[in-house]
Amino acid sequence: MGAYKEKFKEKADAAAAEIRELLKEHGSKTIGEVTLAQVYQGMRGITGLVSETSLLDAYEGIRFRGYTIPELQVSLPKAKGGSEPLPEGLFHLMLFDDLPTEHDVNEMTAKWQRRSHVPTHVFNTIDALPLSTHPMTMFVVGVMALQTESNFTKEYAKGMNKKDYWEFAFDDAMDLISRLPRIAAYVYRRKYKNNEHIQPNGLLDWAGNFAHMLGYEDEGFKELMRLYMTIHADHEGGNVSAHTTHLVGSALSDPYLSFAAGMNGLAGPLHGLANQEVIKWIYEMREQLGTDVPTSEQIAKYVQETLSAGKVVPGYGHAVLRKTDPRFTAQMEFGKKHMPDDPLCLTVWNVYETVPPILKSLGKIKNPWPNVDAHSGALLVHYGMTEYEFYTVLFAVSRALGVMASLIWDRALNFPIERPKSVTTQLVKKWLKGEDEIWGE
Ligand code: NMX
Ligand code: MLT
């Protein structure tokens, strides 16, 4: 076992011992009641999971191992000449629960570079799909093809001791993160850039090299990728992509299978696909109105039309947050610094002024404020990435950092298979009449 894994094992053993003690002393303590409405309505507000890598506060937003996004922008190491955090540093923080030094981050970059080889059959598998396939489908198919490389699955077939699960999950997670930018860039260049591919540059950091393989050499775009990969990485454990990865992993499906499952959830329009929906919605609005910079009145009218058509306003609302998402704010600040006059950004900021009062006035929407997806597309378009169907793939590459760090912890803490109880409405009716019990041992 290398020094890296030893460091993790030491942390994980200490955490496991602490949790054992905690459960011994407080395991029977009740932490909340569950109402019938919560059971029918997406389990909102039920605390039922442990995820160590980040924690969401409804009003403050996300903290990664205790650090807010502005704090990370100060504390995490940057690329030479850059001012945005390197995502390698965030992964280090989420995995080891300590702030990395510049040396730690360089070491992570080097490790991921060494592990980044993608076997040819992965590209061949993607090539077998029609060009019209959605980029997220191509991406997940690529990840599934890469599952042939799982060390966890190979060791399990040989007969692995439970105590060693975490070690092979660790190997798979590191391999997967190292290889995802190549797969994502392959999908992008195949679908949108005439199948002309760009070889990796071993001198660049993980996000910088990703930008390079996508075909964007502008230093501004590389900085954007570093910020983007950092802020989209994790949003505690209950969101669809993190929860799915965790759930599938709990069956001891290997990290490739678990990640692919989670990313199929990210591909839903109420989750990560919302970033493409936002830009599509703005483009359609601009086309209908015949202007690149619609006024507040025009935006308000278009929002009313969207709502009247029974559609959601993409990029607004959240299941947990109750204020502007700090990931939106971080991107708005990036926009104001690098592209203050960009017409699409000006529209995003005008939508931010216009939409919340309208949504609030409806009375039923719990959070009228923008989430992360309301802004990301406008920054990408500024640098020339207009192919909005690809945006969720960028989200997926970033989300790997959080869900893989979490999955390593799941295996290290020996979390069991996840299996909540479900009920039928027939049972609920009998229970309400006192004729039966809702069993939940
Ligand atoms: N536009 C219109 N209606 C909305 C919106 C919105 N942006 N957000 C919530 N509602 C509706 C919602 O559909 C529901 O209506 P009904 O009672 O008729 O079914 C009602 O308001 C109450 O919903 P909430 O309890 O406020 O929201 P919930 O927790 O169920 O859903 C989202 C959260 C994020 C799914 C929801 O706000 C939404 O659909 N937003 C638009 C899509 C989006 O931006 N998703 C991205 C989330 C972030 N991410 O990256 O994953
Ligand atoms: C996320 O980043 O996963 C989204 O904001 C959705 C969520 O947290 O539920």
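Whatever order the structure lists them in is the order used to number ligands and atoms, beginning at 1. Along the sequence shown, residues carry numbers from 1.
On a distance-only criterion, S241 and ligand 2 share no N/O pair closer than 3.5 Å. Looking at N367 next to ligand 1, no N or O pair under 3.5 Å apart turns up. Geometrically, ligand 2 and D325 share no nitrogen or oxygen pair separated by less than 3.5 Å.
Heavy-atom proximity to H235, at under 4.0 Å, picks out these atoms of ligand 2: 1 (C), 2 (O), 3 (O), 4 (C), 5 (O), 7 (C), 8 (O). Residue D373 has at least one heavy-atom neighbour below 4.0 Å for each of these atoms of ligand 1: 46 (C), 48 (C), 49 (N), 50 (O). Counting atoms of ligand 1 from 1 in the listed order, those under 4.0 Å from a heavy atom of V313 are 1 (N), 2 (C), 6 (C), 7 (N), 41 (C). Every atom of ligand 1 is numbered from 1 in the order shown, and the set under 4.0 Å from a heavy atom of K366 is 25 (O), 26 (O). Using a 4.0 Å cut-off to heavy atoms of R327, the atoms of ligand 2 that qualify are 1 (C), 2 (O), 4 (C), 5 (O). Of all the atoms in ligand 1, the ones that sit under 4.0 Å from a non-hydrogen atom of A274 are 43 (C), 44 (O), 45 (N), 46 (C). Those atoms of ligand 1 that come under 4.0 Å of a heavy atom in G315, given as number and element, are 43 (C), 44 (O). Numbered from 1 in the order shown, with element, the atoms of ligand 1 that lie under 4.0 Å from a heavy atom of G317 read 34 (C), 37 (O). Of all atoms in ligand 2, numbered sequentially from 1 with element shown, those under 4.0 Å from a heavy atom of N239 are 3 (O), 6 (C), 7 (C), 8 (O), 9 (O).
The protein non-hydrogen atom at the shortest distance from atom 47 (C) of ligand 1 is L270 O, 3.4 Å. Looking from atom 16 (P) of ligand 1 to the surrounding protein, the closest heavy atom is K364 NZ, 3.6 Å. The protein atom (non-hydrogen) at minimum distance from atom 6 (C) of ligand 2 is H318 NE2, 3.5 Å. Looking only at protein heavy atoms, the nearest one to atom 51 (O) of ligand 1 is H271 ND1, 2.7 Å.
When non-hydrogen atoms are compared, ligand 1 lies under 4.0 Å from the backbone of A319 as well as from its side chain. When non-hydrogen atoms are compared, ligand 1 lies under 4.0 Å from the backbone of I365 as well as from its side chain. Using a 4.0 Å cut-off between heavy atoms, R44 contacts ligand 1 through its side chain alone, with no backbone atom that close. At a 4.0 Å heavy-atom cut-off, ligand 1 touches L307 through the side chain alone. Only the side chain of N371 comes within 4.0 Å of ligand 1, counting heavy atoms alone; its backbone N, CA, C and O stay farther away.
A donor-acceptor distance shorter than 3.5 angstrom exists from the side chain of S250 to the backbone of E418, with no hydrogens or angles considered. Although no hydrogens or angles enter the test, the distance criterion places no donor-acceptor pair under 3.5 Å between the side chain of S150 and the main chain of D254. A donor-acceptor pair is defined here as one N or O able to donate and one able to accept, closer than 3.5 Å; such a pair exists between the side chain of D104 and the backbone of T101. Of the possible polar contacts, none joining the S241 side chain to the L266 backbone as a donor-acceptor pair under 3.5 Å is found.
Taking a cutoff of 4.0 Å between a charged side-chain nitrogen and a carboxylate oxygen, D98 and K11 qualify as a salt bridge.
The aromatic ring centres of F415 and W409 sit 6.0 Å or more apart. Taking the centre of each ring, F328 and Y352 come in below the 6.0 Å mark. Taking the six-membered ring where the residue is Trp, the centroids of H318 and H235 are separated by under 6.0 Å. Taking the six-membered ring where the residue is Trp, the centroids of W206 and F91 are separated by 6.0 Å or more. Between H212 and Y216, the distance from one ring center to the other does not fall under 6.0 angstrom.
Classified by interplanar angle (parallel below 30°, tilted 30° to 60°, perpendicular above 60°), the ring pair F152/Y165 is tilted.
Protein non-hydrogen atoms do not reach within 4.0 Å of atom 27 (O) of ligand 1. Atom 33 (C) of ligand 1 is approached by the protein to below 4.0 angstrom, counting heavy atoms only. Shown here, atom 14 (C) of ligand 1 is out of close reach of the protein: none of its heavy atoms lies under 4.0 Å off. Protein heavy atoms all stay at least 4.0 Å away from atom 19 (O) of ligand 1. In this structure, atom 23 (O) of ligand 1 is not in close contact with the protein, since no protein heavy atom lies within 4.0 Å of it.
Between the choices Y316, W369, F395, the shortest heavy-atom distance to atom 38 (C) of ligand 1 belongs to Y316. Within the set H232, R399, E236, the minimum heavy-atom distance to atom 1 (C) of ligand 2 is found for R399.
Between the side chains of W349 and H375, at least one donor N or O lies within less than 3.5 Å of an accepting N or O. The closest side-chain donor-acceptor pair between T53 and D234 falls under 3.5 angstrom.
Between atom CG of residue D171 and atom CH2 of residue W166 there is a gap of 8.5 Å, rounded to the nearest 0.5 Å.
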> Taking it one step at a time, do N239 and R399 satisfy side chain to side chain contact (heavy atoms under 4.5 Å, CB included)?
Replying inline: CA-CA 11 Å; N239 67 74; R399 188 47 58 98; 3.1 Å; yes

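No cation-pi contact links K191 to F390, judged by a cut-off of 6.0 Å to the six-membered ring centre and 45° from its axis.
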